[in-house]
Amino acid sequence: MMKITAVIMAGGKGERFWPKSRMQYPKQFLSLTKDGETMIQKTVKRLLPMVAMEDIFVVTNVRYAPLVQAQLPDLPQQNILSEPCARNTAPCIGLAASVIRKTYGDAMMLVLPSDHLIRYEEMYIDTLRQAVAVAEKGENLVTIGITPTYPETGYGYIHFARDTDLGMPGVYRVERFVEKPDYEMAQSYLASHHYLWNSGMFVWKTSSILSNLETLMPDVYKGLMRIEAAIGTPAYDEVLTQEYEQLRSESIDFGVMEHAAHIYTLPGSFGWDDVGNWLAMERINPVNESGNYVEGDVITIDTQRTTICGGKRLIAAVGIENLIVVDTDDAILICSKDSTQKVKDVITNLKICNRDELV
């Protein structure tokens, strides 16, 4: 049986969770639920029924490698793959595929973000096992789509059709990937019942993804092969830094998935949440009878449908609704729920004003 590995992408900056998520300590290393586990700890823990710890690899920015090691002490140190710079998901996944191929030969890869929550973990594992069965056939590339429940405009979508080739129940052929839609288009996608949310979760063999990178992103592939040749040698760190900085920054969706053949999707209905911004707090945690989610030292009076995350200070909220309030030692966010996608614009503004200590 083919070795099953997992690749967890943990290099993101989590800008829409400012001011708690910072450049030095981004969202994947925060605990956003009452159990105290961080996002990346949850991601690894839910995989353990299927993938051994020594077969889990985390790709992250070099600055976050110590955080990964501290939060995942049982993860072998050589399984922390440090990117010298950010180059989006295609080089990130290609680097992991090269390391895994060098370590195990051809192996199965589960490629997963580090900052999602899953409510029904057994159903999630069953979906991944089914995806492995599809990916084992030929050079199939498999993506896990999420059955949409409302017209979300913040996600990309997968247009799917019934498969006639594989003959495997519950597996669908990907017709195309579509960008984040406006609200009317999202409504039409939901009504058609032929679209899934693009979750950014993939399953394939190392040989399949590297073959597609060679065909569709040959410039990136050549750089990856120079890195792979140096794995296990004293020159690895130097070659990695030199070559990785030259790689074209590209997403795996645009670089490979939108152009490759043999792409399939499995609809996932396992309580997925991408925890993309502060609105997620009321979805992933209980709210009180007024529809408020509060943590910390908080008093609410005539306040409805508001999320308040306190720090060391008392927060008193009077007569407000539909707001996000987040207090940290050096910054306070006050945001209408309609504007949560714009929180990362604060970071842009801070950079322009040379306030890097708050980024």
Side-chain angles (χ1 to χ4, degrees), residues 4-9 12 43 46-47 50-51 59 88-94 96-97 100 107-116 118 123-149 152 154-163 165-166 168-181 189 192-213 215-217 250-274 276:
I4 298 177
T5 68
V7 174
I8 297 171
M9 298 178 288
T43 301
R46 77 174 71 104
L47 284 171
M50 186 173 178
V51 186
V59 189
N88 215 318
T89 51
C92 161
I93 290 167
I100 292 168
M108 191 63 62
M109 292 173 63
L110 316 178
V111 181
L112 309 163
S114 59
D115 54 0
H116 293 179
I118 306 293
M123 295 173 69
Y124 168 75
I125 291 294
D126 289 346
T127 303
L128 288 177
R129 291 192 192 281
Q130 189 180 11
V132 166
V134 178
E136 282 179 335
K137 298 177 180 293
E139 286 195 356
N140 293 342
L141 305 180
V142 185
T143 181
I144 309 295
I146 303 297
T147 306
T149 52
E152 172 63 58
Y155 303 149
Y157 283 69
I158 300 166
H159 183 203
F160 68 92
R162 187 177 297 280
D163 170 59
D165 302 323
L166 290 180
M168 299 176 72
V171 181
Y172 297 87
R173 188 179 73 256
V174 173
E175 293 277 284
R176 64 190 177 106
F177 291 87
V178 292
E179 297 300 317
K180 297 173 183 178
Y189 290 166
S192 78
H193 305 297
H194 283 95
Y195 288 83
L196 301 170
W197 289 334
N198 185 354
S199 71
M201 294 186 275
F202 307 100
V203 180
W204 44 52
K205 293 181 290 194
T206 54
S207 57
S208 300
I209 190 60
L210 287 169
S211 172
N212 275 281
L213 284 168
T215 302
L216 299 169
M217 301 182 70
E250 193 68 86
S251 73
I252 197 71
D253 284 348
F254 188 80
V256 173
M257 301 301 283
E258 292 183 9
H259 310 288
H262 313 299
I263 304 185
Y264 297 90
T265 189
L266 277 71
S269 299
F270 37 68
W272 172 86
D273 198 302
D274 82 328

Once side chain to side chain contact (heavy atoms under 4.5 Å, CB included) is applied, do any residues pair with M168, and if so which ones, sequence neighbours excluded? A133, V134, K137, L166, V171
Could you grab the distance from atom CD of E258 to atom CD of E179, nearest 0.5 Å is fine? 5.5 Å
Around H262, counting heavy atoms of other residues, nucleotides and ligands shown, do more than 12 lie under 6.0 Å from its NE2? no
Without swapping roles, check the side chain of T215 against the backbone of N212 for a donor-acceptor pair under 3.5 Å. no
Rounded to the nearest 0.5 Å, how far apart are CD of E139 and CG of L210? 10.5 Å
Of all the heavy-atom pairs spanning P113 and G200, show the shortest one and how long it is. CD-O, 3.5 Å
All heavy atoms of M257 vs all of W204, minimum pair found to be SD-CZ3, 3.7 Å
Does T206 use its side chain to pair, donor to acceptor, with the backbone of A97 at less than 3.5 Å? no
Determine yes or no for a side-chain-to-main-chain donor-acceptor pair under 3.5 angstrom, with H194 supplying the side chain and A161 the backbone. no
For I8, does its backbone N or O pair with a side-chain atom of S114 as donor and acceptor, under 3.5 Å? no
If every non-hydrogen atom of L213 is compared with every non-hydrogen atom of G94, which pair is closest and at what distance? CD1-CA, 3.8 Å
Any side-chain heavy-atom pair from F270 and I144 closer than 4.5 angstrom? yes
For the side chain of Q130 and the backbone of P169, is there at least one donor-acceptor N/O pair under 3.5 Å apart? yes
With rounding to the nearest 0.5 angstrom, report the CG to CG distance, L196 to L266. 9.5 Å
M109 side, atom CE; F202 side, atom CZ - distance, nearest 0.5 Å: 11.0 Å
Measure across I100 and A107 and return the closest heavy-atom pair with its distance rounded to 0.1 Å. CG2-CB, 3.9 Å
Indicate yes or no: at least one non-hydrogen side-chain atom of P148 is less than 4.5 angstrom from one of Y189. no
The ring-ring contact (aromatic ring centres under 6.0 Å, His included) partners of Y264 (sequence neighbours excluded) come to none
Write down the atom of R46, the atom of H116, and the distance for their closest heavy-atom approach. NH2-O, 3.0 Å
Is the Y195 ring parallel, tilted or perpendicular to the H159 ring (thresholds 30°, 60°)? parallel
Treating S199 as the side-chain partner and G145 as the backbone partner, does any N or O pair qualify as donor plus acceptor under 3.5 Å? no
So does E136 get a backbone contact from the side chain of N140, meaning a donor-acceptor N/O pair under 3.5 Å? no
Side chains of F177 and T143 in contact at under 4.5 Å (non-hydrogen atoms): yes
Indicate the atoms forming the closest heavy-atom contact of L141 with A260, along with that distance. CD1-CB, 3.9 Å
Look at the side chain of D274 and the backbone N and O of G276, then say whether any donor-acceptor pair between them is shorter than 3.5 Å. yes
Just verifying a value: how many Å separate L47 CG and L110 CG, rounded to the nearest 0.5 Å? 6.5 Å
I118 side, atom CD1; T43 side, atom OG1 - distance, nearest 0.5 Å: 8.0 Å
Report the residue from I93, T89, I209 that forms a side chain to side chain contact (heavy atoms under 4.5 Å, CB included) with V256. I209
